[in-house]
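Take a look at the structure below.
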Number of protein chains: 2
Amino acid sequence: MNYTRWPIVVRMTAFLLAQLGAHAADRFAERIAPLDLAPRHVGLLRWIAAHPGASQREIAAAFGVQPSRVVVLVDELERRDLVQRHQDPGDRRSRSVRLTERGERMLAEVGRVFLAHQADLLAALTEEESAVLGELLGKVAAARGLTDGVHPGHAAADSGA
Amino acid sequence: MNYTRWPIVVRMTAFLLAQLGAHAADRFAERIAPLDLAPRHVGLLRWIAAHPGASQREIAAAFGVQPSRVVVLVDELERRDLVQRHQDPGDRRSRSVRLTERGERMLAEVGRVFLAHQADLLAALTEEESAVLGELLGKVAAARGLTDGVHPGHAAADSGA
DNA sequence: TATTGTTATACTCTATAACTATA
DNA sequence: TATAGTTATAGAGTATAACAATA
């Protein structure tokens, strides 16, 4: 079952990581799909909750994406009444974004879903092993500059505040 | 730097996993891009090497994708002269696929690139920590049915042989 | 003239359906 | 008629470029 012809002498940890990461992301996506959300929405929702009233430009900068991408994402969240755009009285070009009541409740619900997801995902590990795994992953992530951010592809690292 | 309002009391290991997995996949993709390959090609190349002469139908079944998808992927590899299609004399509808000389050499090169990639990725860990990480990930992957396979999205698990 | 947000357009990857040739 | 492979078509997601309103 182990199709070789590959330096499989060493453990293919980097591959396992990519494989399991994709698996985790897929399973999480399945769990939030009934909430009418995709993973990319969760990252944005979390960030907006932590930076209430940020402008779309600021969001784009924080996530390292084009402003036009933010328009689409905020559109999707606003259509679901999870965030709301407000005119900035100081600069009428700018639109500040913040969570609605419904957005707050949704974020809480997503948090519960995430915990269930994580419990399932790591069910094979003991409490202690889970802690060790978390620590090792945290170490690697920090060394690679992925501190508190969001997925590459979906976003970039937290740029402060 | 840790934007909360989330049950961050527990470590978000599942998130770290998805984040790091995407990061690992992206970095690997960058490394093989100069070889004119994408990650999806590597999984296929490896599988074909381990199952020489398999038909496209068998490939599709092993990877859990539509036959039309296999056509495209094998086209891409054949255009690079890494694999070759052959008429099955027994059933002239069927096309058996196998690596070319060039494909063999490419696979070896990809293996070297992978090892360099992995070394970089896990540079923050000691030898022993790397081993522990590999073991824990292997445990989780096995429990989740991701034995020796390839990425979800790109493919499915090895179906034997 | 520069900047914020928006809209329009195109490109990549993938999935589905229709088609050809064998069996 | 069923099956292996192929081609055609359409969809999701993202990136780039052109644009309108405001500064």
Side-chain angles (χ1 to χ4, degrees), chain A residues 18 22 25-26 28-30 32-33 36-44 48 51 53-79 83-98 150-156, chain B residues 18 22 25-26 28-30 32-33 36-44 48 51 53-79 83-98 150-156:
Chain A
D26 286 352
F28 182 63
E30 281 175 5
I32 58 175
D36 198 22
L37 286 181
R40 68 196 126 97
H41 298 127
V42 175
L44 182 53
I48 294 172
H51 303 83
S55 71
Q56 297 188 189
R57 167 146 278 303
E58 288 168 323
I59 294 173
F63 280 70
V65 300
Q66 297 299 319
S68 59
R69 176 116 191 76
V70 176
V71 172
V72 175
L73 289 171
V74 171
D75 277 353
E76 290 172 350
L77 292 180
E78 200 169 40
R79 203 173 305 129
V83 306
Q84 221 174 354
R85 282 186 247 236
H86 303 276
Q87 280 275 13
D88 180 329
D91 182 342
R92 277 182 358 213
R93 291 171 304 182
S94 187
R95 320 271 251 122
S96 77
V97 184
R98 45 184 84 240
V150 190
H151 291 202
H154 294 154
Chain B
D26 286 352
F28 182 63
E30 281 175 6
I32 58 174
D36 197 23
L37 287 180
R40 66 197 127 97
H41 298 127
V42 175
L44 183 53
I48 293 171
H51 303 82
S55 71
Q56 297 190 191
R57 166 145 275 304
E58 288 168 323
I59 295 173
F63 281 70
V65 300
Q66 295 300 318
S68 60
R69 176 116 191 75
V70 176
V71 172
V72 175
L73 290 172
V74 171
D75 277 352
E76 290 171 350
L77 293 181
E78 199 168 42
R79 202 173 307 127
V83 305
Q84 221 174 355
R85 284 186 246 235
H86 303 276
Q87 281 276 12
D88 181 329
D91 182 342
R92 277 182 359 214
R93 291 171 304 181
S94 188
R95 318 272 251 124
S96 77
V97 184
R98 46 184 83 240
V150 191
H151 291 202
H154 294 155

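The analysis underlying the following values was restricted to heavy atoms, covering all of them including side chains, and did not include hydrogens, waters or symmetry mates. Throughout, a chain's letter reflects where its sequence line sits, starting with A, and its residues are numbered from 1.
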| field | Euclidean distance, atom CD1 of residue A/Ile59 to atom P of C/dT3 [Å, nearest integer] | value | 20 Å
| Closest nucleotide of DNA chain D for A/Ala38 versus for B/Pro67: which of these residues is on the 5' side? | B/Pro67
| remark: note: B/His41, atom NE2; C/dT14, atom P; distance rounded to Å ~ 9 Å
| task | Could you check whether B/Gln66 gets within reach of a base, just the sugar-phosphate, or nothing at all, counting any heavy atom under 4.0 Å? | result | base
Identify the pairs formed between an N or O of the protein and an N or O of nucleotides 8-12 of chain D at a distance under 3.5 Å, and give each distance.
none

Write down the protein N/O and nucleotide N/O pairs, taken from nucleotides 18-23 of chain D, whose separation is under 3.5 Å; answer none if there are no such pairs.
| residue | atom | partner | partner atom | Å |
| --- | --- | --- | --- | --- |
| D/dA23 | OP1 | A/Arg92 | N | 2.8 |

| To the nearest Å, how far apart are A/Asp75 CG and C/dG5 C1'? | 11 Å
| task | Look at B/Ser94 and D/dT3 and indicate whether a side-chain polar atom (N or O) is within less than 4.0 Å of OP1 or OP2. | result | no
| request: Using five base pairs at each end, measure the axis-to-axis angle across the helix from C/dT1-D/dA23 to C/dA23-D/dT1 and round it to 10 degrees. | output: 30°
| Distance-only side-chain donor-acceptor flag, B/His41 / B/Glu76, under 3.5 Å | yes
| query | Shortest non-hydrogen contact from B/Gln87 to B/Arg92? | reply | OE1-O, 3.2 Å
| Is the closest side-chain heavy-atom distance between A/Phe28 and A/Val42 below 4.5 Å? | yes
| field | Distance test, side-chain N/O of B/Arg95 to OP1/OP2 of D/dT6, below 4.0 Å | value | yes
| Closest non-hydrogen atom pair, B/Ile32 against B/Ala38 | CD1-C, 3.5 Å
| request: Starting from P on C/dT14, measure out to CZ on B/Phe63 and report it in whole angstrom. | output: 13 Å
| message | On DNA chain D, compare the nucleotides closest to B/Arg85 and A/Val72; which residue's is nearer the 5' end? | response | B/Arg85
| field | Side chain of B/Ser55 - closest among C/dT6, D/dG13, D/dG5 | value | D/dG5
| field | Minimum-distance nucleotide (side-chain atoms of B/Arg57 versus C/dT16, C/dT6, D/dG5) | value | D/dG5
| task | Measure from CD on B/Glu78 to C1' on D/dT6 and round the result to the nearest Å. | result | 13 Å
| query | Whole Å only: how far is the CG atom of B/Leu73 from the C1' atom of C/dT12? | reply | 13 Å
